[in-house]
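Every chain is numbered from 1 and lettered A, B, ... according to where its sequence line falls, protein lines coming before strand lines. These numbers come from the heavy atoms of this one structure, side chains and all, not from hydrogens, waters or symmetry mates.
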Amino acid sequence: MRSRGADPFAQTRYGVDTNAGELLEKYDFLETGAKAESENWSIAGRLMSQRPHGKTAFADLADRTGKLQLYVRRDEVGDGKFADWTVLDIGDIVGVHGYMFRSQKGELSLHVLKFDVLAKAMYPLPDKWHGLTDVEKRYRQRYVDLIVNPEVRDVFFARSKILAEMRRFIDAQGFYEVETPTLLHVAGGAAARPFVTHVNALDQMMQLRIATELNLKRLIVGGFERVYEIGRIFRNEGIDPVHNPEFTMLELYAAYWDVNDMREFNEALIAHLVDVVTGGKDELQIGEKTLSFKRPFKRVEYLELLREHGGYTREQLLDPGGAAAILKTLGLPESPSHAHALDKIFERAAEPHLHEPTFVTGYPVAISPLAKRRQDDPEITDRYELFIANAEISNAFTELNDPDDQRARFEGQITQRSAGDEEIPEPDWDFVRALEYGMPPTAGIGIGVDRLVMLLTNQPSIKDVLLFPLQRQHG
RNA sequence: GCACCGCUAGCUCAAUGGUAGAGCAGUUGACUCUUAAUCAAUUGGUUGUAGGUUCGAGUCCUACGCGGUGCACCA
């Protein structure tokens with residue numbers, strides 16, 4: 001094009017007054033062969049295919065709302081402009097102006113009277129029939145994936161809508177959204193290995209957060225009462241279809257609620273999102289199975305679940321030695337801590353059975369260092385996890401607000417940490433001090449947003465709900 | 001980190017150890033309602049990288065790189 005004396009990047013704007021989706025809807029009434037010549041429209045998008053036909057040409061234009069067929073005639077745009085049109089490549093960005101009609105084969109199309117080249121594509125697009133299927137290239141060059149695979153784009157549009165709907169639902173109940181630091185001196189609030197970095201200005205090592213929990217509870221102490229953060233969390237661990245080193249978590253805290261209030265809220269939120277995503281249904285298609293989200297969801301006590309699947313008793317499980325013995329019978333490797341052992345046992349024995357949405361309630365204190373004990377059963381906390389399709393979707397509990405108990409549990413963690421469990425964080429003593437100023441009774445919840453989006457969009461891999469999933473650097 | 005599988009043209013894929021190919025895209029030409037447009041012609045390659053075996057390697061062997069899947073770890 002430049003060799004013909006034209007600059008394909010000269011245009012700085014294009015006056016678009018509609019889009020493909022709107023036009024298709026608006027002119028659906030046109031009968032085959034009918035024209036709506038009195039109304040002209042301008043739209044812009046990417047050229048997805050060309051079907052030149054001598055002195056006329058058909059083409060497909062794609063914008064964010066869909067695809068519209070274009071029809072260009074030499075006798076209307078002029079010889080020179082028609083020649084310009086025929087040298088356009090698939091992938092070029094064009095703006096077109098014309099009127100709607102329905103072609104003789106019955107497709108609603110735009111009859112182009114004028115057009116402008118807005119940007120040139122230097123690379124050809126992947127095979128129009130097979131598309132881009134190379135998984136690696138799809139992730140590394142997501143922009144190409146998004147151009148060629150509309151269903152991929154739809155997943156991310158859906159993710160955007162799900163996030164917006166979550167915020168709307170939460171905001172409607174008077175919660176404040178906040179942003180707390182990603183760089184922390186001590187990354188706490190969860191069991192995970194942190195990323196470590198260095199801050200030049202302070203000449204200090206810092207860690208990327210592994211949870212937002214402790215800072216959000218500081219805000220509860222500070223009087224926020226209802227607060228949440230939807231933020232990026234970093235855990236320096238494996239990459240697989242359900243794990244990415246950085247992921248998005250919703251954490252939400254409500255003063256004066258207990259775990260039961262939170263369960264109600266959680267159930268309502270999930271049911272609402274399913275309703276929105278499915279357009280009014282209460283079930284989701286997950287792979288080959290259909291999952292019902294009719295309220296109330298199933299509920300089962302943690303200890304009962306493990307007695308049912310495996311026959312393990314409370315005494316065995318709550319005793320570190322007993323839990324270690326169970327691990328052995330399951331053929332699992334020795335765990336560095338009681339907490340770790342319980343997680344492994346649960347994962348192996350119970351998780352495969354948790355297909356329908358199920359609240360598992362009453363987790364042992366040993367694996368719940370930040371949750372409040374039950375008044376009538378101090379070895380068990382008022383905590384639940386929600387499982388859907390064998391995956392943990394949320395984790396919630398009545399927050400521990402007794403600073404002495406919190407200090408004691410942190411001290412216990414120091415022992416576990418020195419015993420070799422690298423995922424146990426260093427205690428955050430300022431958090432204990434915050435509790436000493438008085439934290440109201442509070443319930444909190446964490447929801448893995450990526451996994452929830454996977455569920456709601458029926459995607460089997462976390463990489464398919466992350467626009468730019470982490471990939472190894474190419475050599 | 002371990003195991004298995006994959007890597008060939010821009011894309012999707014072929015090729016018993018014996019001259020590296022097809023379709024699409026690209027380029028040139030024909031065509032005034034096509035839609036995977038059609039028809040004719042045509043360009044396109046360090047077969048992931050580096051070694052090795054062999055008269056001869058896309059093919060067999062070794063190492064490495066990247067990806068996928070599974071396992072381990074984690075949510």
Side-chain angles (χ1 to χ4, degrees), chain A residues 32-33 35 48-61 67-77 82 86-91 101-109 111 121-141 144-145 147-149 189-194 210-211 233-251 331-333 335-336 340 343-344 347-348 351 385-387 390-395 421-423 446-452 454 460-463 469-475:
Chain A
T32 297
K35 309 171 184 180
M48 296 307 287
S49 77
Q50 274 268 50
R51 293 180 293 282
H53 213 77
K55 297 182 183 65
T56 70
F58 285 90
D60 291 327
L61 186 79
K67 206 183 259 189
L68 181 68
Q69 178 167 264
L70 307 177
Y71 178 56
V72 187
R73 294 174 64 99
R74 185 164 82 174
D75 56 8
E76 285 174 340
V77 297
F82 190 77
T86 55
V87 302
L88 287 177
D89 290 315
I90 288 170
F101 74 107
R102 193 179 287 278
S103 75
Q104 287 179 14
K105 292 287 167 66
E107 180 163 348
L108 267 182
S109 313
H111 193 121
M122 304 294 190
Y123 288 106
L125 290 180
D127 191 294
K128 70 182 168 197
W129 187 237
H130 299 97
L132 181 65
T133 58
D134 182 318
V135 182
E136 174 183 358
K137 194 157 283 183
R138 282 190 46 223
Y139 298 141
R140 286 188 193 277
Q141 288 177 244
V144 179
D145 190 29
I147 292 168
V148 199
N149 296 321
R193 291 152 78 166
I210 56 174
I233 299 296
F234 306 85
R235 297 188 181 174
N236 205 345
E237 280 149 3
I239 301 173
D240 65 32
V242 289
H243 295 92
N244 194 68
E246 53 177 309
F247 62 102
T248 301
M249 184 131 90
L250 160 68
E251 284 199 43
L332 294 170
S335 282
H340 191 266
D343 279 342
K344 292 292 105 186
E347 200 176 290
R348 175 65 70 92
E351 247 180 56
E385 289 194 355
L386 172 61
F387 286 85
N390 313 98
E392 183 198 328
I393 294 296
S394 43
N395 174 23
D421 194 338
E422 290 179 50
E423 287 157 11
I447 298 181
V449 171
D450 311 284
R451 291 198 182 165
L452 183 60
M454 283 170 69
S461 170
I462 197 169
K463 294 191 181 201
L470 188 67
Q471 299 282 103
R472 192 180 291 271
Q473 176 88 49
H474 250 157

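Nucleotides B:rU69 and B:rG26, compared at atom C1', are 35 Å apart to the nearest Å. The same atom, P, is picked in B:rG58 and in B:rA20; the two are 8 Å apart, to the nearest Å. If you take atom C1' in B:rU8 and the same atom in B:rU59, they sit 11 Å apart, rounded to whole Å. To the nearest whole angstrom, the two C1' atoms, one in B:rU46 and one in B:rA41, are 29 Å apart. B:rC24 and B:rG56: their C1' atoms are spaced 34 Å apart (whole Å). With both ends at atom C1', the span from B:rG44 to B:rA30 equals 24 Å, rounded to whole Å. Here, B:rA25 and B:rC13 have their C1' atoms 14 Å apart, quoted to the whole Å. Here the separation of B:rA3 from B:rA15, taken at their P atoms, is 28 Å to the nearest Å.
Residue contacts shown for A:Phe101 include a base, since a base heavy atom lies under 4.0 Å away. Nucleic acid contact for A:Asp89: sugar-phosphate only, since backbone atoms but no base atoms lie under 4.0 Å from a heavy atom of the residue. Counting non-hydrogen atoms under 4.0 angstrom, A:Glu107 reaches a base of the nucleic acid. Across all strands, A:Arg451 comes closer than 4.0 Å to base atoms (heavy-atom distances). Within 4.0 Å (heavy atoms only), A:Asn244 reaches at least one base atom of the nucleic acid. Residue contacts for A:Pro52: at a heavy-atom cut-off of 4.0 Å it reaches a base atom on one of the strands shown. Residue contacts for A:Ala191: at a heavy-atom cut-off of 4.0 Å it reaches the sugar-phosphate backbone alone, with no base atom in range.
Closest to the A:Gln104 side chain, of the nucleotides B:rC11, B:rU35, B:rC33, is B:rC33. Residue A:Ile90 places its side chain closer to B:rA25 than to any other of B:rA25, B:rU32, B:rU35. Nearest to the side chain of A:Tyr139, among B:rU34, B:rG68, B:rC73, sits B:rG68. Residue A:Lys463 has its side chain nearest to B:rG68 when only B:rG68, B:rU35, B:rC31 are considered. For A:Asp134, taking side-chain heavy atoms from C-beta onward, the closest of the listed nucleotides B:rU12, B:rG67, B:rA75 is B:rU12. Comparing atom distances between the A:Arg140 side chain and each of B:rC31, B:rC66, B:rC33 picks out B:rC66 as nearest. Considering only the side chain of A:Arg235, B:rA75 comes nearest among B:rC33, B:rC11, B:rA75. Checked against B:rG26, B:rA75, B:rG68, the side chain of A:Phe247 finds its nearest nucleotide in B:rA75.
The nucleotide B:rA72 finds no pairing partner, because no Watson-Crick or G-U wobble arrangement with both distances shorter than 3.5 Å includes it. Of the nucleotides present, none pairs with B:rA14 by Watson-Crick or G-U wobble criteria with both distances under 3.5 Å. Across all strands shown, B:rA20 forms no Watson-Crick or G-U wobble pair with both distances under 3.5 Å. With a cut-off of 3.5 Å on both pairing distances, the Watson-Crick or G-U wobble partner of B:rU42 is B:rG26. Within the shown strands, nothing qualifies as a pairing partner of B:rU35 under the Watson-Crick or G-U definition with both distances less than 3.5 Å. Across every strand in view, B:rA63 sits in a pair with B:rU49 that passes the Watson-Crick or G-U test at under 3.5 angstrom.
Positionally, the nearest nucleotide of RNA chain B for A:Arg102 lies more toward the 5' end than for the other of A:Arg102 and A:Ala192. Between A:Glu347 and A:His111, the one whose closest nucleotide on RNA chain B sits nearer the 5' end is A:His111.
One distance of note links CD of A:Glu107 with CD of A:Gln69; it measures 4.0 Å at 0.5 Å rounding. To the nearest 0.5 Å, the span separating CG on A:Leu108 from CG on A:Leu68 amounts to 8.0 Å.
At least one side-chain heavy atom of A:Ile147 sits less than 4.5 Å from a side-chain heavy atom of A:Met48. Residues A:Val144 and A:Pro126 meet the side-chain proximity criterion, which asks for heavy atoms closer than 4.5 Å. Using a 4.5 Å heavy-atom threshold, the side chains of A:Lys463 and A:Arg138 count as separate.
Side-chain N/O atoms of A:Asp240 and base N/O atoms of B:rC73 include a donor-acceptor pair closer than 3.5 Å. Side-chain atoms of A:Gln69 come within donor-acceptor range of the base of B:rU34, with a qualifying N/O pair under 3.5 Å. No donor-acceptor contact under 3.5 Å links the side chain of A:Ser49 to the base of B:rU35.
Here A:Lys137 does not reach the OP1 or OP2 of B:rC7: none of its side-chain N or O atoms lies under 4.0 Å away. Between A:Arg51 and B:rU38 there is no side-chain N or O to OP1 or OP2 distance below 4.0 Å. Between A:His53 and B:rC31, a side-chain N or O to OP1/OP2 separation shorter than 4.0 Å is absent.
A:Glu76 and A:His111 share a side-chain donor-acceptor pair at under 3.5 Å.
Here the side chain of A:Arg193 pairs no donor or acceptor atom with the backbone of A:Glu237 at under 3.5 angstrom. When atom types are taken as modelled, the side chain of A:Asn395 and the backbone of A:Glu385 share no donor-acceptor pair closer than 3.5 angstrom.
Taking atom CZ on A:Phe58 and atom P on B:rU38, their separation rounds to 15 Å, with Å as the unit.
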